[in-house]
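Read the structure below first, then the notes.
Atom set for the values below is all heavy atoms of this structure, side chains included, hydrogens, waters and symmetry mates excluded. Throughout, a chain's letter reflects where its sequence line sits, starting with A, and its residues are numbered from 1.
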Number of protein chains: 2
Amino acid sequence: MPPSTPKQASRRRVRLDRLLDPALLRALAEPTRAKLLSCLLKCGRPCSVTEVAACCSVDFSTVSRHLATMARAGLLTADKQGRTVWYSADGESLAAHFRDLAEAIDELSPDEGCCGGTACGSDGGC
Amino acid sequence: MPPSTPKQASRRRVRLDRLLDPALLRALAEPTRAKLLSCLLKCGRPCSVTEVAACCSVDFSTVSRHLATMARAGLLTADKQGRTVWYSADGESLAAHFRDLAEAIDELSPDEGCCGGTACGSDGGC
DNA sequence: GCAATACTTGCATAATGGCGTCAGTACGCA
DNA sequence: TGCGTACTGACGCCATTATGCAAGTATTGC
């Protein structure tokens, strides 16, 4: 019985399920937000909302909201000083998250799995 | 002028912009889809829509749609044999994609960037 | 205090997306 | 040819979200 049925397999609690964070992924999945994040990463320093808004054609308030959304999702950190808010992207931790995701997926691949793809427990629990 | 303004930085065409594929990320960002993908990865073999649908509580047609969406985004491959469609997740290529993403982000970090964070071209083009 | 700057928030609108129902298509088998 | 299985597609409902505009809230400088 090489691996198991999907239903059995789905009961296994794995690291991947935690790393596939919907909030973070949704924050990344919107093109405008992705562009803003990329912009902040390229810039490599904290930037104000005004500065970032100059990168794209959408309204200033929209940019403000997008940045707040990404900060809430943990993609950015906000540092308010006086009347300006400095947003910065932590490239290292984001890269680390993606590497963790890659690792978590590798853990599930048949080649390196619990049973080498040859036999699993009857409950698919490996 | 350490790095540049976000506006200048945003003009740089980098690998990250290609890897931050909205279609792929949107396909991953939906909890039900993430669960289905995880299920297929855990299972480690091609599964039919019927099998996968047994993993979650949503309607069969919804599962069919989700799987088609992920296939369109390149997360899954579909192989129709007779009247059943075998969907399979390529864990290796997905993991590779995430690793590429991590690398592309690292390429932008000031520590390893073009100029070590000390000086960039006046056009921010590095 | 007053004006300007830098954001945030409320509101209305439009678009998107997920979902179930139900009908249709395609295939296998007797 | 008829029936059952395995999906897919069209349709409508509803919740969420992206967006622009306008008003509001700090905060700074004069």
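- Closest to the B:Glu30 side chain, of the nucleotides D:dT19, C:dG18, D:dG4, is C:dG18.
- Heavy atoms of A:Arg65 sit under 4.0 angstrom from at least one base atom.
- Distances shorter than 4.0 Å separate some side-chain N or O of A:Thr32 from OP1 or OP2 on D:dT19.
- Counting to the nearest Å, the C1' atom of D:dT19 and the CG atom of A:Leu36 are 13 Å from each other.
- If you take CG of B:Asp79 and C1' of D:dA6, they are 15 Å apart, rounded to a whole angstrom.
- The side chain of A:Thr62 places an N or O atom within less than 4.0 Å of a non-bridging phosphate oxygen (OP1 or OP2) of D:dG20.
- Rounded to whole angstrom, the span from the CZ atom of A:Phe60 across to the P atom of C:dC7 amounts to 5 Å.
- Taking atom CH2 on A:Trp86 and atom P on C:dT5, their separation rounds to 16 Å, with Å as the unit.
- Straight-line distance from the CD atom of A:Gln81 to the P atom of D:dT28: 10 Å, rounded to whole Å.
- A close approach under 4.0 Å does not occur between any side-chain nitrogen or oxygen of B:His66 and OP1 or OP2 of C:dG17.
- Here the closest non-hydrogen pair linking B:Pro46 and B:Ser88 is CA-CB, 3.9 Å.
- Between A:Arg33 and D:dA18 there is a side-chain N or O to OP1 or OP2 distance below 4.0 Å.
- The shortest non-hydrogen separation linking B:Ala34 to B:Leu28 is CB-O, 3.8 Å.
- Among the heavy atoms of the strands lying under 4.0 Å from B:Thr84 are primed sugar atoms or P, OP1, OP2 only; no base atom is included.
- Distances were taken from every side-chain heavy atom of A:Arg26 (C-beta onward) to each of D:dT17, C:dT8, D:dT8; the shortest belongs to D:dT17.
- For A:Glu51 and C:dT5, the CD to P distance is 16 Å, given to the nearest whole Å.
- Atoms CZ (A:Arg83) and C1' (C:dT5) sit 4 Å apart, rounded to a whole Å.
- Two residues, A:Gly82 and B:Lys80, neighbour DNA chain D, and the one matched to the more 5' nucleotide by heavy-atom proximity is B:Lys80.
- Per the geometry, CG belonging to B:Leu67 stands 15 Å off P belonging to D:dA6, to the nearest Å.
- A close approach under 4.0 Å does occur between a side-chain nitrogen or oxygen of B:Ser64 and OP1 or OP2 of D:dT8.
- Nearest heavy atoms, B:Lys35 versus B:Cys55: NZ-O, 3.8 Å.
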message = Would A:Leu37 and A:Leu94 count as a side-chain contact (heavy atoms from CB on, under 4.5 Å) here? Give the steps.
response = CA-CA 11 Å; A:Leu37 174 67; A:Leu94 187 57; 3.9 Å; yes

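- Residue contacts shown for B:Ser61 include a base, since a base heavy atom lies under 4.0 Å away.
- Nearest approach of B:Phe60 to B:Ala53, heavy atoms of both residues: CD1-CB, 3.8 Å.
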